[in-house]
2 protein chains.
Amino acid sequence: MTPDAIKVACSNCNLRELCMPVGFDLADLARLDEVVATRRKIKQGQTLFNSGEVFTSLYAIRTGFFKTSVSTEDGREQVTGFQMAGEIMGLDGIVNDHHSCNAIALEDAEVCVMPFSNIEDLSREFPVLQRHVHKIMSREIVRENSVMLLLGNMRAEERLAAFLLNLVQRLHARGFSKSEFVLRMTREEIGSYLGMKLETVSRTFSKFSEEGVIEVKQRYVRILDPDALQKIFNPQPCI
Amino acid sequence: MTPDAIKVACSNCNLRELCMPVGFDLADLARLDEVVATRRKIKQGQTLFNSGEVFTSLYAIRTGFFKTSVSTEDGREQVTGFQMAGEIMGLDGIVNDHHSCNAIALEDAEVCVMPFSNIEDLSREFPVLQRHVHKIMSREIVRENSVMLLLGNMRAEERLAAFLLNLVQRLHARGFSKSEFVLRMTREEIGSYLGMKLETVSRTFSKFSEEGVIEVKQRYVRILDPDALQKIFNPQPCI
DNA sequence: CGTTGACTTGAACAAGATCAACCATTGTGG
DNA sequence: CCACAATGGTTGATCTTGTTCAAGTCAACG
């Protein structure tokens, strides 16, 4: 056990409403504590796991912000997602007992380590946990479907609008502002996620800014006209 | 129950090696039969399920070929996958109890209908089934990760090469030829999956053909130089 | 045998990539 | 504390890839 690992409990975690315990009553919550073995701190820039490593656990983010990515053999990186508090990482490792993507902390972070064997054992006992695990995996499949739609069908402006709206919506669900936030990732990482180059990301930010839809200063973003953003992302069919 | 629904068994299905029963011993196999409620035939062009419909079951393909797709509000379609015998559809529906994509038969097909409540009940009893369900979902997440890489980072030729190699590899696992096959989908559907226009798909086919890498005649494809395809898909880093 | 849907091919065009220069912010060592 | 390097971000000019539009081919089928 690493020195920064400590024993912890879901039952008094303030992420109850977003994380694994969703839909558990108090009695179940006590048992759920068994799935979390330890916590682990990851410094900004450090990896939680890398492609190729043996899979043992899922990870629930307590604090901090991550990106996950896959790479081609010739070194091109595709960011596959950005994860924040209450979200689960590591699902990619189940199928082959090895991770197939990298998880890197974009700010100092702490995760709950949940050995997958604990999850499997306990979810045989608790249908509510079983159902929750299934939903988490299904949610990830649905999310990736929508990223495929974004990458396959949308233009640069639509992609960035969709990205900003998704981000602010998730932040808002965690008690942050509906309109302003600080990006945790670089233009290059945004571009990698959205299938565009960092220059195009920067230009699109500038364009939105000129149009008065957002205010940008480096990593700080304020959404001035959410409806306009929504309209860019989700244009009406031309009748 | 629809008239074309009949009672069936996994234990004597010839897809045992590819479908749900992977890794089950004979005793377990008998119980596994309980998860399949019925079979259902779907004619070419018919939908198995549509986005928005209530989710009740997963579907294992016995025969035939499907595409799954999602759409934007203004009617742009993104094909999210092509599925063949032994593959499982419907995982998208678990998270919200409603499907979020469409599944359409590209040729006359038959599926095993597996009510998800049966799967959940039985997988609490059989760790091997529980594990298998988790792996199926994880495999889908990993597949979608690699499609994101393809859509976000690859050029047209790389995309089509990757697509053809993936298709032939899956067909080969089902006993078909390593080198020739008949496409079940149109150029437009391939293009939608790969994030390119049907004209670009057609041109890229022609280019591969001129280079002697493949032979194409309409939907018939023969791979003449698999190594060349592999190299297009997976170029070496320039040192 | 004509109609239809799928496919191919060419020419013009545009979105985004690439290349390049420059600016802003942060952190570090003298 | 300041100089300056390093990293990240912006902006302009040019180029490329793939899109769009258009015309024509092919195969299947009623």
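Both backbone and side-chain heavy atoms feed into the values below; hydrogens, waters and symmetry mates do not. Order of the sequence lines sets the chain letters (A, B, ...), proteins ahead of strands, with each chain counted from 1. Predicted model only: the values in this text are computed from it and were never measured.
Distance A:M154 CE to C:dA15 P: 17 Å, rounded to the nearest Å. The interatomic distance linking A:R187 (CZ) with C:dC23 (P) rounds to 18 Å, in whole Å. Computed from coordinates, the B:Q44 CD to C:dG5 C1' distance equals 13 Å when rounded to whole Å. Remark: P of D:dG18 and CZ of A:R155 are 17 Å apart, rounded to the nearest angstrom. Rounding to whole angstrom units, NZ of residue B:K197 and C1' of C:dA15 are separated by 13 Å. In this entry the distance linking CG of A:N153 with P of D:dT20 reads 10 Å, nearest Å. If you take CG of A:L198 and C1' of C:dA20, they are 13 Å apart, rounded to a whole angstrom. B:E157 places its CD atom 16 Å from the P atom of D:dT16, with the value rounded to the nearest Å.
Helix bend of the helix from C:dC1-D:dG30 to C:dG30-D:dC1: the angle between its two end axes, each built from five pairs, comes to 30° after rounding to 10°.
The local environment of CD in A:E188 is sparse, with at most 12 non-hydrogen atoms from other residues, nucleotides or ligands closer than 6.0 Å.
For B:F176 and B:F181, the gap between ring centers reaches or exceeds 6.0 Å.
In this structure, the nucleotide among D:dT19, C:dG16, C:dC19 sitting nearest to the side chain of B:M196 is D:dT19.
Within the structure, salt bridge (charged side-chain N to carboxylate O under 4.0 Å, His left out) contacts touching residues 165-181 of chain B (residues at least two apart or in different chains) are B:E87-B:R170, B:E87-B:R174, B:E180-B:R222. Applying the ring pair (Phe, Tyr, Trp, His ring centres under 6.0 Å) test to pairs two or more places apart or on separate chains, those with a residue in residues 187-211 of chain B are B:F82-B:Y193.
The residues A:R203 and A:E210 are annotated as not salt-bridged, no charged nitrogen and carboxylate oxygen being separated by less than 4.0 angstrom. Contact check on A:R40 versus A:E110 returns no salt bridge, with no Lys/Arg side-chain nitrogen under 4.0 Å from an Asp/Glu carboxylate oxygen.
Listed in residue order, the members of residues 200-220 of chain B having a heavy atom less than 4.0 Å from DNA chain D are B:T200, B:R203, B:K217.
Residues passing the side chain to side chain donor-acceptor pair (under 3.5 Å) test with A:S179, sequence neighbours excluded: A:S177. Every residue two or more places apart in sequence or in another chain that forms a side chain to side chain donor-acceptor pair (under 3.5 Å) with B:E157 is listed here: B:K207.
A donor-acceptor distance shorter than 3.5 angstrom exists from the side chain of B:R159 to the backbone of B:M154, with no hydrogens or angles considered.
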